[in-house]
Every structure is written in C-alpha cells, then in structure tokens.
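One structure is given below, encoded as structure tokens.
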Amino acid sequence: MTKWYDNAIIYQVYPRSFQDSNNDGLGDLRGVIQRLDYIKALGVNTIWLNPVFTSPQVDNGYDVSNYYTIDPKFGDMATMTELIDKAHALGLHVLLDFVLNHTSDKHPWFQDALKSPNSLFRDYYIWEKTTNGLPPDNWGSFFGGSVWAEHPSEPGSYYFHLFDQHMPDLNWKNPEVREAMIEVAKFWVEKGVDGLRLDAFIHIAKGNLHQNYPTDSDEPVVAEPMFANLPNVVTYLQEFVQELRKINPNLYILGEGASADPNLAALYTRPVAGSALCDAIVSFRNLPKQARPQTKVEQQWHLRQQEKLDLAALPDSIVTWQTVLAQTTEPVLYFSNHDMPRMATVYADPEAQEQSLKTLATMLYLQKGAPIIYYGEELGLTNVELTRFAAFQDNTVAALKDQVPAAEQSAVLKDLSQTHKTAARQVMPWDDTPNQGFSKHEPWLRVKGKQTSVAEQEQDSDSVLNFYRSLLRLKQTALFMKGDFCLLNSPAKTIVFTRELNGKVGLVLTNLSAQSVAVSLPDLSLGKPELAVGHWQITDSELQLAPWSSAVFMTEHFDN
Ligand code: BGC
C-alpha cells in the first residue's frame, strides 16, 4: 500500500536559526510559519524540525525538561498547532525530533530521582555504585569524559550519560520508562504531527555496565559496541512504534542510526507484525568519506581532520545501500545536517563552487530514496567563521582557549570553523539587510562577514537556489520517486545511473571531478537534457562532460 512518505522530500529546519519573528536574536516557530511558502516553493513536501520542547538548551534542545510543552524561546503550543495546520494546508508534512535516549537533568523525573535512592523515579535512569572512587567502567561519552557522573551528594553513586552530563540516559529496561515515553509520543501524534525523527534511538539498550572496553588508554573511550545497536533496541522499538501506529498507521518513523551500516538499516526497517520498525534510517555512514591530509594546526592541536568524498568507494557504496535496503525501504539521501560541517565546506570544489554543488546534488537526490536538505544548503551556504572558542558551544573546544597561545588562536579558530557542527548552524540569510532578514536583533550565533542570501539568489536564474528548485521538480516526478535504480559502469569519478518506470527511463550522468571526461552512451538518440549543469556535448556514442558537469536525459527503455 502506498504511503505519503513513499514520496517524502524532507527539508530540515533548525528552528533557532531559521527566522526570528520576535526579534530576540533566536529563531522561533512563528518564524517558521512566516517562511512556509518559501519551503513549499523549494519543492519539498516534509519539514523536520529540530527539538522545540522545553529545555535548558545545554544541547540546543536535545536536553528536554518537559516533553509536553514548547520552549517559550520558540513559542507556545498554540503556535505549534498553527504551524502544523498551516503546513498541512500547504501540503507539507511535519516531523518532530523526538529525544528518547535521555532527558535533561532538569526534567522532573531526574530531579526527583536525585532526591533519594528510594525515589519512584530513581529507576527511570541508569545508576551504578562503586566503592573504589572510580566510575563503574571506562566508557567515554560522545561529548568528552566519562559516561558516568557522580551524584552530587551520594559519593560512589553514578548516573549514566552518553552525551552531556546534564543529559542523563533513560533506563529503557524499566517498563515504566517505556510506557512513559510512549505516552509522550502519543500526545504529539494526537496533535497531528506526521512523523517522528527518533533521536539516537540505537543507544536505548546498554551492555554490561561493569565491563571495561579494551583499550591501552587511561582515558575513557567511546565504546560503541557496549551501547549501540544491541539486540534490545529492536525489542523496545517494536513496542514503541506499534503503540503509535495504533493511533496513526501512516506515522512516519525516521530513525537516527548514526553508526548503522546498510545491514543494520535493513534490520531496523524490516516489517515486524505487519508494520516496519522504522520507515527509514539516517545513517552517518551513508557516504564513503576519506580524511584529508591533516593541516599543521590540526596536527598540533589534535583537531578533527576535514573529510571529503571517497570517490573510488562511492559506486560500491551507492549500490550496496540501494540493494541491501531494497527489500525493506529506500536510502535516505543527504549530505549534511546540524551535527556535521556543511556540504559546501566539505564536498564542494572551491575552484568550481556552485557548479560542483549542483552536480553533487544531481548525483545524490535523483537516486532512489528520500532526500533531506539541510536548511541553507539550497543556497550553497558554507560553514561560517566563528571568532570565539566559546561560540562553538563545545566543552572540548572551550578548553582550547587557555591552551592555544594568543598568536595561534586565529588559525585554530579558522580551522575549527571548517570542521565543527556549530559553524554549520548559522542563521538563514534571507536578504542583504544588516542581520540578513533573520532578525532585527543580533543573531544568537555571531559570524564574521555576510553570506549569499535568498533575495540575491532569487534574482539570478543560474543560482544554486533556482537549480535546487528545478532539481526537486524533477525529483517529484513518479519516475524519480518510484523508478527502479540501476548504476551503470562509468569512468572513475563519474556516477551514471538510470531510473526506470513503465518503459520510461531517466539517464543521469555526473562528472564529480575537475577534469573533462567522456562517458560512453547507450545506443539511443538523446534529445536535449531535462536538466544540465556546466558543459556537455554528444559526439558519436559518447557524452563529453566538462569538469563538474552533469546532464539528465529522458528516454525509452534500453539494454545496457
Ligand atoms: C543529535 C545531536 C544531539 C544528540 C543528543 C543526536 O544524534 O542529532 O545533535 O547532540 O543526538 O541528543
């Protein structure tokens, strides 16, 4: 049976950065409402909102202190309902970011749990005791340091936090926790949201908490096998989604499985008792990446290396994702999100910035699967330059301020701005007024310089924005939504594939390099391309593609 989300084209809105309607420097829900027409006109049909529940904002909303209320910084319940209604009226679906692995330490459950070992909520979280003055194991948190934090007034009693210490993990072993989280989710499904992005769901089951992870280091290590993709994740997930689908059988469950490979993604999307666990999986392993050689600054200060696409591994990776998922779902097609540096910073060719972005988008979004476009990507936004260590909102980065000599700080900040997620969370540049139409107030994230804007790109028929609109118009057609996918043999650094439906074929040819290339063509008479980037020319049975050029042809069935 066809579901609405079989045709999902998703736009990710980071609410604090999208549009500020009350001029406090922080984007809000009313701001999103004001920009719904823009989102619709882009050619997407679904919005994913990063978390807007009440939160102390230690991790920009992923630390929830009340799941039943909207954070006043973003608006209120009436505005949320209005957003859902207005989006629906425009034919847009709304996905909420549902944080189920942990809460904020300010959540009343945790506050109560802290009061006494006998609290009714103590067992909502994961506690362990030790008598040797050390945490129960050597596992490291994703945000640095140990996953264990000591109770402020009970020495030797530790609670577990995979992310920040102000974000204690829920104990999903406890049936009351499972029930409580189902209740919260039901509340939102009944409010009319069309789907949930399940944040970090692959971590809701943990391994033996007293087993150290093998390492030579004295420091805690991120011990993924101990707390990712364990068998009980599926058990808990199954119960959760089954209850929600009783209310809305068409609810879209988009699971964030950061470390999922294609097999795990297939496992999480397989049908159980007649309905899929998740409908699609966002994996951070969706594209093969290669670390660039370390810069001097990165070497000296142990900074993260920049990554680029591993073009040699790309064809295999595409085929694997398409094939392994074919029985259960379709791949999620995306380049970046709020946890990564921007696509234009990582993958674009600086010598052919716009053209490379257009060709990359053609290569990815016309494949079979659901695109997710990170707000501002459609303008070709790059990471912004942040000029203070504190601006990165990251404890490890903040510590550098006292370590890096003054003379070297600007080089370190520049490098960090290229690789860090916070530098990808800048406010949306709508026009060329002082705060770029985002707000009349200084935006929450101060950046150096101005960025290209929507207003500027609207005027230019050749802009990245106008190209994305054309590309998504093509993506919306039945051929590119439903057509069978087949990768064709092609020269190195090119990706060539077909989509085929009822005898109609879309032939997509993309050159992902700075060199011209000749791709041999099937024996067909091809007319004008439906969409093209850069320069192309057909000679005999070859298509010559200039650097970073691409072309999409419509044709009839052929044998390749
Ligand atoms: C979100 C992150 C967040 C983390 C903890 C993730 O996977 O995408 O932004 O920090 O979950 O909630």
Side-chain angles (χ1 to χ4, degrees), residues 10 12-18 27 48-67 71 95-107 110 125-126 139-145 147 149 159-170 172 181 184-185 195-204 206 222 224 227-229 233 237 253-260 264-265 268 278 280-286 304 332 334-342 372 374-375 383 392-398 419-426 444-445:
I10 305 169
Q12 180 186 352
V13 172
Y14 200 62
R16 64 168 46 221
S17 295
F18 202 56
W48 150 30
L49 290 174
N50 287 97
V52 287
F53 312 111
T54 300
S55 156
Q57 304 291 331
V58 167
D59 186 21
N60 288 355
Y62 284 94
D63 47 319
V64 180
S65 57
N66 188 340
Y67 288 94
D71 195 300
L95 311 181
L96 288 192
D97 213 321
F98 194 72
V99 189
L100 71 173
N101 176 67
H102 44 267
T103 68
S104 157
D105 61 351
K106 298 293 179 294
H107 193 289
F110 191 72
Y125 296 89
I126 301 168
W139 307 355
S141 144
F142 286 126
F143 285 7
V147 293
Y159 67 87
F160 187 101
H161 63 88
L162 208 40
F163 296 91
D164 191 273
Q165 64 163 325
H166 299 291
M167 297 155 73
D169 280 44
L170 284 163
W172 275 73
M181 294 313 281
V184 177
L196 301 175
R197 170 200 181 258
L198 298 187
D199 181 66
F201 81 93
I202 58 172
H203 302 299
I204 56 181
K206 321 290 193 247
V222 176
E224 286 249 0
F227 49 64
N229 303 307
V233 171
L237 184 65
I253 303 283
L254 177 64
E256 187 213 21
S259 56
L264 271 172
Y268 288 133
C278 291
I281 293 291
V282 179
S283 162
F284 284 27
R285 299 189 179 168
N286 63 329
R304 234 185 91 179
V332 170
Y334 79 102
F335 285 104
S336 65
N337 61 34
H338 66 291
D339 288 329
M340 300 170 176
R342 281 192 174 267
I372 304 185
Y374 182 46
Y375 81 97
N383 268 25
F392 289 90
Q393 303 185 326
D394 176 330
N395 295 338
T396 323
V397 172
T419 50
H420 203 276
K421 60 186 181 184
T422 306
R425 297 176 177 179
Q426 73 265 47
W444 70 275
L445 190 66

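As the structure is a prediction and not an experimental result, all values here were calculated from the model. Residue numbers run from 1 in the order of the sequence given. Numbering of ligands and ligand atoms starts at 1, following listing order.
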Are Gln57 and Asp71 close enough, and set up right, to give a side chain to side chain contact (heavy atoms under 4.5 Å, CB included), and what steps lead you there? CA-CA 9 Å; Gln57 304 291 331; Asp71 195 300; 3.2 Å; yes
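Side-chain N/O atoms of His102 and Asp169 include no donor and acceptor closer than 3.5 Å.
Contact annotation for Arg197 and ligand 1: only side-chain heavy atoms (C-beta onward) come within less than 4.0 Å of the ligand. Under 4.0 angstrom from ligand 1, the non-hydrogen atoms of His338 all belong to its side chain.
Of the listed residues (Arg16, Gln12, Lys421), just one forms a side chain to side chain donor-acceptor pair (under 3.5 Å) with His338, and that residue is Gln12. The residue from Arg197, Met181, Glu256 that alone fulfils the side chain to side chain contact (heavy atoms under 4.5 Å, CB included) condition with Phe98 is Met181.
Under the 6.0 Å distance and 45° angle rule, Arg342 counts as a cation-pi partner of Tyr375.
Taking the six-membered ring for Trp and thresholds of 30 and 60 degrees, Phe53 and Tyr67 have ring planes inclined between 30 and 60 degrees apart.
The closest protein non-hydrogen atom to atom 11 (O) of ligand 1 is Asp199 OD1, 2.9 Å. For atom 3 (C) of ligand 1, the closest non-hydrogen atom of the protein is Asp59 OD2, 3.3 Å. For atom 4 (C) of ligand 1, the closest heavy atom belonging to the protein is Phe163 CE2, 3.6 Å. The single protein non-hydrogen atom nearest to atom 9 (O) of ligand 1 is Asp339 OD1, 2.7 Å, given as residue, atom name and distance.
For Phe143, the closest heavy-atom approach to ligand 1 falls below 4.0 Å.
With contacts defined as side-chain heavy-atom distances shorter than 4.5 Å, the pair Ile202/Tyr268 qualifies.
Polar contact with ligand 1: absent for Lys421 (N/O pair, distance under 3.5 Å).
Residue His102 approaches ligand 1 through these ligand atoms, each under 4.0 Å from one of its heavy atoms: 5 (C), 12 (O). The atoms of ligand 1 that sit less than 4.0 Å from any heavy atom of Glu256 are 6 (C), 7 (O), 8 (O).
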